[in-house]
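To start, the structure under review is shown below, and the notes come after it.
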Protein chains: 2
Amino acid sequence: MELYVERGFEQTTVAEIAQRAGLTARTFFRYFADKREVLFAGSVLLQEHIVGALDAASDSASPMEAISAALDAAAAVLGERREYSRQRQSVIAANAELQERELIKMASLSVALADGLRRRGVSDTNASLAAEAGVAVFRVAFERWVSEPGDRDLSQIMRESLDQLKALTAAG
Amino acid sequence: MELYVERGFEQTTVAEIAQRAGLTARTFFRYFADKREVLFAGSVLLQEHIVGALDAASDSASPMEAISAALDAAAAVLGERREYSRQRQSVIAANAELQERELIKMASLSVALADGLRRRGVSDTNASLAAEAGVAVFRVAFERWVSEPGDRDLSQIMRESLDQLKALTAAG
């Protein structure tokens, strides 16, 4: 990640990443399929963590309350990694291919959240809408968190954004 | 499009598409960069149409009311092309690369709608949230429209979905 920030994603080779990490290129490829995977390896675990929090939400929670619990879980993990998250975001923002990969991960998160809501008995359309709304809040709040100065809490920004979405739809 | 449905997207060649359309391959490439573009050529025009409707919404419209006007405009265009939309959706659903391209077009629509809302004086975060919510409604409603039996109006499904999102966030 340091190398991506210093030299740009395109200019960094796997050999350089491996060297910086004290690995051989061969060992690198045991952990990552390619140099993009360094940036996305955590996404699968994060998604599992988020969906786990959705599943663990109380039975009486409304769909958006369950989504809110999932967002809290995301914020708890990512909130610890602000500097890393900022760097990662700047690397992704500079590369169209990485942006596409990030879009795909977000779409996959939305599908997983919608599936989780369906398991809770939420109707098809409501599950999809609530999941998409949750991912929208996640993206907008994350973007704000990495770009705004100061040191505000990610979970606080997530909750604020969710409230803003609520106010927006209520006024529409 | 007929060919994609009959034979699958991967199996169809540009030569076959051109032949079916009564064009030479050379003429085909004057209109389309590649065979994927046949499916996405309309997306740019559709996006302009949708953003135009957002811009034309009354000054007093709330952000989600302006988004709703934009969705109505999308429904008016797509609503005329139900059979085509169904076929297109089934071709895209069967091919990962096309799905990615569709995700990118949706992300681009979201950015364009957020920009349009900012031009109306909506704050950064609210513009992004309302645009993402609008695209979420668009996607979910479109999906329902192409998959449900019967012949319901797309604009009606869009409005219903928007109301459902409102009810979901209000209960959250």
Side-chain angles (χ1 to χ4, degrees), chain A residues 57 60-69 71 96-97 99-108 110-111 114 117 122-145 147-148 157-172, chain B residues 57 61-71 96-97 99-108 110-111 114 117 122-145 147-148 157-172:
Chain A
S60 63
S62 72
M64 286 310 288
E65 281 165 351
I67 287 288
S68 180
L71 293 178
E97 199 195 345
Q99 283 171 48
E100 290 173 19
R101 192 126 166 190
E102 183 80 333
L103 279 180
I104 294 163
K105 298 281 179 189
M106 286 292 125
S108 148
S110 176
V111 168
L117 288 170
V122 178
S123 79
D124 238 27
T125 307
N126 276 343
S128 298
L129 282 169
E132 292 270 347
V135 171
V137 166
F138 176 87
R139 290 170 63 168
V140 170
F142 183 82
E143 190 77 44
R144 244 172 102 181
W145 179 62
S147 59
E148 76 178 18
I157 301 178
M158 291 245 197
R159 268 181 235 138
E160 251 178 52
S161 302
L162 195 53
D163 284 345
Q164 275 179 272
L165 178 64
K166 190 170 162 171
L168 279 166
T169 52
Chain B
S62 73
M64 285 309 288
E65 280 165 351
I67 288 288
S68 180
L71 293 178
E97 198 195 344
Q99 283 171 45
E100 290 172 18
R101 192 124 164 194
E102 183 80 334
L103 278 180
I104 295 164
K105 298 282 178 186
M106 286 292 125
S108 147
S110 177
V111 169
L117 288 170
V122 178
S123 79
D124 239 27
T125 307
N126 276 342
S128 297
L129 282 169
E132 292 269 347
V135 171
V137 166
F138 176 86
R139 289 171 63 168
V140 170
F142 183 82
E143 191 78 41
R144 244 171 101 181
W145 180 62
S147 60
E148 77 178 17
I157 301 178
M158 292 244 196
R159 268 181 234 138
E160 251 178 53
S161 303
L162 195 53
D163 285 344
Q164 276 179 271
L165 177 65
K166 189 170 162 171
L168 280 165
T169 51

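Chain letters run A, B, ... following the sequence lines, proteins first, then strands; residues in each count from 1.
- Remark: the backbone N or O of A/Val140 is not paired with any side-chain donor or acceptor of B/Ser128 at under 3.5 angstrom.
- Heavy-atom pairs under 4.5 Å with chain B peak, among A/Leu165, A/Leu103, A/Thr125, at A/Thr125.
- Under the rule for a side-chain hydrogen bond (donor to acceptor under 3.5 Å, both in side chains), the partners of B/Glu102 that lie at least two apart in sequence or sit in another chain are B/Arg88.
- Interface residue A/Ala170: only backbone heavy atoms are found under 4.5 Å from chain B.
- For chain B, the nearby part of A/Ser62 is the side chain; its heavy atoms alone come within less than 4.5 Å.
- Listed here is the closest heavy atom pair of B/Leu168 and A/Met64: O-CG, 3.3 Å.
- By the salt bridge (Lys or Arg N to Asp or Glu O under 4.0 Å) test, B/Asp124 is found to be paired with B/Arg118, residues two or more places apart in sequence or in another chain being considered.
- Looking at B/Val137, both its backbone and its side chain come within 4.5 Å of chain A, counting heavy atoms on both sides.
- Between chain B and the options A/Asn126, A/Ile67, A/Val135, heavy-atom pairs under 4.5 Å are most frequent for A/Asn126.
- If you measure heavy-atom distances from B/Arg101 to chain A, you find no contacts under 4.5 Å at all.
- Between A/Ala136 and B/Glu132 the shortest heavy-atom distance is CB-CB, 3.5 Å.
- For A/Gln164 against B/Leu129, the heavy-atom pair with the smallest separation is CB-CD1, 3.7 Å.
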